[in-house]
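Here is the structure we will look at.
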Amino acid sequence: MTRSDPRAPAPASESALRPDEERYPAAQIEPKWRKRWDELGLFRQDVSHAENKFYCLNMFPYPSGDLHVGHGRNYILGDTVVRQAMLRGRRVFAVMGWDAFGLPAENAAIQNKTHPEVWTLRNIQRMRQQFDAWGIGLDWSREIASCHPGYYRWTQWLFLKLYERGLAYRGKAPVNWCPSCQTVLANEQVVGAGECERCGTPVIQRELEQWFFRITEYAQRLVDDLALLTEWPEKVRVMQHNWIGRSEGAEVHWRVDGTSEELVTFTTRLDTIYGATFVVLAPNHPAVAKLTAGRADIQEFAARVARQQSDRRYDQEPEKEGIATGLSAIHPFTGAKVPIWVANYVVMGYGTGAVQCVPAHDTRDYEFAKQYALPIVPVVRATASRDEGWEMVGEDRVFVGEGVVFGSGPYDGITTEQARERMAADLAQRGQGKPTVTYRLRDWLVSRQRYWGAPIPMMYCEKDGIVPVPESDLPVMLPKDVEFKPTGESPLAAKADFVNVKCPKCGGPARRETDTLDTFVDSSWYYLRFLTPRDETKAFDSALANAWLPVDQYIGGVEHAILHLLYSRFITKVFYDMKLVSFVEPFRALFTQGMITRGGVKMSKSKKNTVAPDELIARYGTDTGRVYTLFIGPPEKDAEWSDRGVEGAYRFLNRVWRLGRSYGALVRETASAPRPVIESAAAREVRHAAHTALARVTRDFDDFHYNTAVAAMMEMVNTLIAVSQKEAAALEPGAAPSDVRWAMGEALRLLIFMLSPIAPHVGEEMWSLYGDDTQAGTIFRAPWPEVDGSALSVDTETLVVQVNGKLRARLELPTTLSAADVEREARDNPRIATLLEGRKLKKTIHVPHRLINLVVE
RNA sequence: GCCGGGAUGGCGAAAUGGUAGACGCGGGGGACUUAAAAUCCCCUGGGUCGCAAGGCCCGUGCAGGUUCGAGUCCUGCUCCCGGCACCA
């Protein structure tokens, strides 16, 4: 007999084969069930009822074309979560959309001379098929694409709303510019050592006028509300916290000696100000130009260093360099004159760009002071009880910790913490400073000089200046016939009929904004759109949103830990302030899954290390791929792809399949018969295996531990197969009813349930063939089975007997024995008895079902 | 440098403070077969004693500690991964 080919339809003679020669015929059954789910509308959700709702969302993908198994892992995980929730009676909402604007489409368009839209829509179609091939259950009637005018109209609306609220503004600022993508980037899109997130090209700085969203206004709330996100990974919360970078400190005003100018410094260590021996300005601080107008050497130095700062690769810190301005600042407490310097180690982008320098208590200032022979004045000493906070600068120790202040006039003797408070209060009283909070977070730069994005709905009128497009005129349609070569200016700028418009205010000539929106604006609100995806009257429905959101489970890659998640949180808070939603956070629980690697690196098209799902599915079936990707390891961790591992998953499914072929009929037999008295050891073993597995799987599903859930099922299947071989006669068709038959039927029924979220096609097929109530036409409408606690217990237990924690003996005892009996048995054991002889027993520790430990002197 | 997360067999990994290595991969042996494939069974951390049944010792990155008992808790390190970084 040749091996059966799972791709070929099974010949009629197949059933005549010995069960152990059969394989799970994936190609024959899997498409059938996908069609069935579609017919039943299994994943269609009527959103008018939201009780017991479960909104599960995978981050919507960029339609880049082919999906590989690495992508598959994300969606398989999400689908398993959804199906398991469905089995447990939740009203699931599972949807999919496309983050369809963006650079790759444009780059592909330039390369292949295809319009970005054509390229994008073709990819979407292809990916939709792939989702289907993986058996991902989705309500496709709610599909959205951010490049569709029906969607981006509302992205533009969002922009107008932010503009109305003063949260969108046009400003000139040094911005990150990618010379390869020919566009500006948000701070969040600059990664690694100052490289473009997309293409890896080193980013340079340019001074440009651009649109920004005032996310900094929400910095405090974005920090505070992290505390609400208890079901987010700690890692992501910390990353967001660091990114926002809140630091508490004080603003200090310094008069510049001999001028009417004032400098404002920011410090977190106001307590050390009596040790401030100089002040440093960032090279591009506005005061530098103003105060040193006549000094070409300083101007040149500042210009050179500013350029270095902006072009710098972040991999190493440059040597400290500075130049004295010859000017002095008046110390706000002592009235002393301290020199003002310009140096390369202070940046304009944080705080005020001006810093008080206390070389005795700051390593950077210390290094600089040493180099330029500036005075070092200590004003804080460590306390006797706590001598920590020393750091090394070369050979020298610098005290940067907390302690007690001295040499600080009226503040001598108080702690650094007290000093910070009192000094700030005193400064505020004199109008020379105040306590402030500074954030690392910058405003969100949303302009992009590229074609394939949502046009920014703004105009520039000669008379009225910046004028928003009236809401009723939305969408500002993206013209289709455009040259989209990157020139550093939006391709839209070259289209006269797009650019030249009438001012809605005065009717005079106006120019349209030609930049498009960052695609992260598109994705900052999409989770709200799925509820009313075709609504032409509003972006989303508040009542429905309040009923269905926040998203109960959000799933995606950790690479979005900052960008997308921060922006979405921000936009949700804006909607909250607009009273459009009643919640402040969009995603209640977040799960960040790991990547699949091959050869140790992330699977990606560019690295040519992908595994195509089509081939895998053709050879082993979708469910094999699903079982494998969930069994590969904990889903939050990266995992290395292994073709051998796939074989293992396939073997497991085949074992399940053959069990069904051999004993599936017992499921119905069991269902129609009351549970007999379970007497035989074999029946007890089967029930114990089945209910233990059910208990573990139920628990593991709740914690995303799909790898151990599969392991639990494998163990159960191993037991069933072992018992089936020992009890072959009793299990044969037509044999007399018995407790083993009943137990096997029950076990298989439970197995079908446990397996279904992970291998839904196998589950459905087995349920339809053997299930005890297949009326609804799908197992996913049947209720999840209950664990029978009595089946979990065993008759005897192997107790480990220890003396003083050392393993000494094993005892096989009935579980019905009382603790006292167990202890007597342990002490009566010959080996233990000899150990106890002549020693005094101090106490006995009895851990039920595990061990007994006798503690002796 | 700061913050977070890790480190367990040949490999991916399991272990509410209670028999470390479940489950899977790989490896070895056996059954079935003319043979192979498939399937099924047994063994598989290291060392050591024993003809054998079966023992014993060591073992979760390193050094300590708490505990009757530590992969798990505590203290101090080492290394790896991720994030941020002259952030004042």
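None of these values were measured; they are calculated from a predicted model. So that the names make sense, note that chain A is the first sequence line, chain B the second, and so on, each numbered from 1. No hydrogens, no waters, no symmetry mates; every other heavy atom, side chains included, goes into these values.
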Going through the checks in order, is the salt bridge (charged side-chain N to carboxylate O under 4.0 Å, His left out) test met by Glu234(A) and Arg237(A)? CA-CA 5 Å; Glu234(A) 172 71 12; Arg237(A) 296 208 317 250; 3.1 Å; yes
Of the candidates A88(B), A22(B), G4(B), the side chain of Ala711(A) sits closest to A22(B)
CG (Asn344(A)) and CZ (Phe301(A)) are apart, to the nearest 0.5 Å, by 6.0 Å
The nucleotide from C86(B), C23(B), A88(B) with an atom nearest the side chain of Asn718(A) is C23(B)
Using Watson-Crick geometry (N1-N3 plus N6-O4 or O6-N4) or G-U wobble (N1-O2, O6-N3), each under 3.5 Å, U8(B) is paired with none
Does the pair Glu647(A)/Arg644(A) count as a salt bridge with the N-to-O cut at 4.0 Å? no
Check: protein-nucleotides 71-80 of chain B nitrogen or oxygen pairs below 3.5 Å:
none

Any strand, both distances under 3.5 Å, Watson-Crick or G-U wobble: G82(B) pairs with C3(B)
Using Watson-Crick geometry (N1-N3 plus N6-O4 or O6-N4) or G-U wobble (N1-O2, O6-N3), each under 3.5 Å, G26(B) is paired with U44(B)
The Watson-Crick or G-U wobble partner of G18(B), with both key distances under 3.5 Å, is C68(B)
Partner of U39(B) under the Watson-Crick or G-U wobble criteria, both distances under 3.5 Å, comes out as A31(B)
Sorted by chain and residue number, the ring pair (Phe, Tyr, Trp, His ring centres under 6.0 Å) partners of Trp641(A) (sequence neighbours excluded) come out as Tyr628(A)
Any Arg23(A) side-chain N or O less than 4.0 Å from OP1/OP2 of A37(B)
no
side-chain hydrogen bond (donor to acceptor under 3.5 Å, both in side chains) pairs touching residues 629-639 of chain A, sequence neighbours excluded, are none
Short side-chain N/O contact from Arg651(A) to OP1 or OP2 of C25(B), under 4.0 Å | yes
Side-chain atoms of Gln725(A) come closest, of C23(B), C40(B), C86(B), to C40(B)
Exercise. What integer number of Å spans the P atoms of U72(B) and A63(B)?
Worked result: 13 Å
Between the protein and nucleotides 18-20 of chain B, list the N/O to N/O atom pairs that are separated by less than 3.5 angstrom.
unit_1 : atom_1 : unit_2    : atom_2 : d
G18(B) : N2     : Gln802(A) : OE1    : 3.2
G18(B) : N2     : Asn853(A) : ND2    : 3.4
U19(B) : O2     : Arg810(A) : NH2    : 3.3

Against the side chain of Ile721(A), the closest entry in C86(B), C40(B), A88(B) is C40(B)
- Can you tell me if Glu402(A) and Thr416(A) form a side-chain donor-acceptor pair at under 3.5 Å? yes
- request: Could you tell me whether the phosphate oxygens of C87(B), OP1 or OP2, come under 4.0 Å of any side-chain nitrogen or oxygen in Asn242(A)?
  value: no
Glu715(A) with Arg696(A): basic N within carboxylate O range, under 4.0 Å
yes
When both distances are under 3.5 Å in a Watson-Crick or G-U wobble arrangement, the nucleotide paired with C62(B) is G76(B)
Check your understanding: For Ala639(A), does its backbone N or O pair with a side-chain atom of Thr597(A) as donor and acceptor, under 3.5 Å?
Key -> yes
Ordered by number, residues from residues 693-710 of chain A within less than 4.0 Å of RNA chain B (heavy atoms) are Asn707(A), Thr708(A)
Practice item. Could you work out the separation of U67(B) and G83(B) based on their C1' atoms and round it to a whole Å? Key: 37 Å
- Taking atom types as modelled, is there a side-chain donor on Arg440(A) or Asn242(A) under 3.5 Å from an acceptor on the other? no
- Query: Can a cation-pi geometry be assigned to Lys320(A) and Tyr345(A), taking NZ or CZ under 6.0 Å from the six-membered ring centre and within 45° of the ring axis?
  - Reply: yes
Going 5' to 3' through nucleotides 7-12 of chain B and flagging B where a protein heavy-atom sits under 4.0 Å of the base, S where only the sugar-phosphate is that close, and - otherwise, we get -----B
Against the side chain of Arg658(A), the closest entry in U39(B), A88(B), C25(B) is U39(B)
- prompt: When rounded to the nearest Å, what value does the distance between P atoms of U44(B) and G54(B) take?
  reply: 12 Å
Q: Considering just the side-chain nitrogens and oxygens of Arg440(A), establish if one lies under 4.0 Å of OP1 or OP2 belonging to A85(B).
A: yes
